[in-house]
Amino acid sequence: MILPAFVTGVLDRRGSARTICFGVHERDSCLHAYDESYHRALFAEIERRRISDEAAGRTAADHHSRLRRVFGFVEQASVADDGGIVLPPLLRRKAMIKRAALVVGVGGSFEIWSPRVARDAADPLVRELADLRGQAAAPDDGMLAA
């Protein structure tokens, strides 16, 4: 698949090694993707949440469960000069991504959705993006960007 310009532009501006980390989203049925610099920020956020959870009396099991959800399925792939990338097969299956994918920017990272799954998402904005991008895409398009 070819990553949209809003993703490759961020990689270029950050001076990233053009390596993307893909993982299963913590709550939604999509992939969460980010570069290595965001990986460090994500780990710091998980640590912040651990400290907050401990102060609230939550167990260490909650923290370890979160770690597994966020980092348990993480795989890396290199981005080609044209923005092309191969999604890891295990993660494609986990997110039910077949031929087309919907890419949604979410701050310092992005999500990759199966358009079919996105049309049934709990978030109305994701459903709307899937519907709008699906109307604009040709049937054989390999990437839908939002």
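Note that the coordinates shown come from a computational prediction; the quantities given were computed from them, not determined experimentally.
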Carboxylate-amine/guanidinium proximity below 4.0 Å for D12 and R18 | yes
Just by distance, with hydrogens left out, do S52 and R48 show a side-chain donor and acceptor under 3.5 Å apart?
-> no
Kindly indicate whether the side chain of M1, heavy atoms from C-beta on, has any atom under 4.5 Å from the side chain of I112.
-> yes
A118 to A130 - nearest heavy-atom pair and separation | CB-CB, 3.6 Å
To the nearest 0.5 angstrom, please state how far the CG atom of D120 sits from the CH2 atom of W113.
-> 10.0 Å
To the nearest 0.5 Å, atom CG of D123 lies from atom CG of D28 at 7.5 Å
Considering only heavy atoms from C-beta outward, does the side chain of I20 approach that of Y38 to under 4.5 Å?
-> no
Residue D82 excluded, over 12 heavy atoms near CG under 6.0 Å | yes
Applying salt bridge (charged side-chain N to carboxylate O under 4.0 Å, His left out), name anything that partners R116, two or more places apart in sequence or on another chain.
-> none
How many angstroms lie between CZ in R93 and OG in S114, if you round to the nearest 0.5 Å?
-> 15.0 Å
Flag the pair V24 / L91 as yes when at least one side-chain heavy-atom distance between them is below 4.5 Å, and no otherwise.
-> yes
Could you pull out the closest heavy-atom pair between V103 and P4, with the gap in Å?
-> CG1-CG, 3.8 Å
Can we say R58 and E54 salt-bridge, meaning some charged N sits less than 4.0 Å from an Asp/Glu carboxylate O?
-> no
Hey, are E36 and R14 close enough for a salt bridge, meaning a charged N less than 4.0 Å from a carboxylate O?
-> no
Under a single-linkage definition using a 4.5 Å side-chain heavy-atom cutoff for Ile, Leu, Val, Met, Phe, Trp and Tyr, are F73 and I85 assigned to the same hydrophobic cluster?
-> yes
Calculate, to the nearest 0.5 Å, the distance between atoms CG and SG belonging to L31 and C21 respectively.
-> 12.5 Å
Interatomic distance, CG@D35 vs OG@S37, rounded to 0.5 Å, equals 3.5 Å
G83 backbone acceptor or donor facing T8 side chain under 3.5 Å | no
Closest approach of S29 and V117, non-hydrogen atoms and distance?
-> O-CG1, 3.5 Å
In short, P115 meets A101 closest at the heavy-atom pair CD-CA, 4.0 Å
Starting from the C-alpha separation in whole Å, work towards a yes-or-no answer on side chain to side chain contact (heavy atoms under 4.5 Å, CB included) for V74 and Y34.
-> CA-CA 10 Å; V74 173; Y34 45 88; 3.6 Å; yes
Indicate whether any N or O donor in one side chain lies under 3.5 Å from an N or O acceptor in the other, for E111 and H32.
-> no
Would you say V7 and V86 are hydrophobically clustered, going by side-chain heavy atoms of ILVMFWY under 4.5 Å?
-> no
Can you measure from CZ (R119) to CG (L102) and round to the nearest 0.5 angstrom?
-> 8.5 Å
Look at the rings of F71 and F43 and say which category their plane angle falls in: under 30° parallel, 30 to 60° tilted, over 60° perpendicular.
-> tilted
Kindly say whether H63 contributes a backbone atom to a donor-acceptor pair with the side chain of R50 at under 3.5 angstrom?
-> no
State, yes or no, whether a side-chain contact exists between F22 and Q76 at a heavy-atom distance under 4.5 Å.
-> no
Apply side chain to side chain contact (heavy atoms under 4.5 Å, CB included) to V79 and T19, showing your working.
-> CA-CA 6 Å; V79 181; T19 299; over 6 Å; no
Start with the C-alpha distance between E128 and L132, add both sets of side-chain angles, then the distance that settles side chain to side chain contact (heavy atoms under 4.5 Å, CB included), and finish with yes or no.
-> CA-CA 6 Å; E128 181 180 10; L132 292 172; 3.8 Å; yes
Is there a side-chain contact between F110 and V104 (heavy atoms, below 4.5 Å)?
-> no
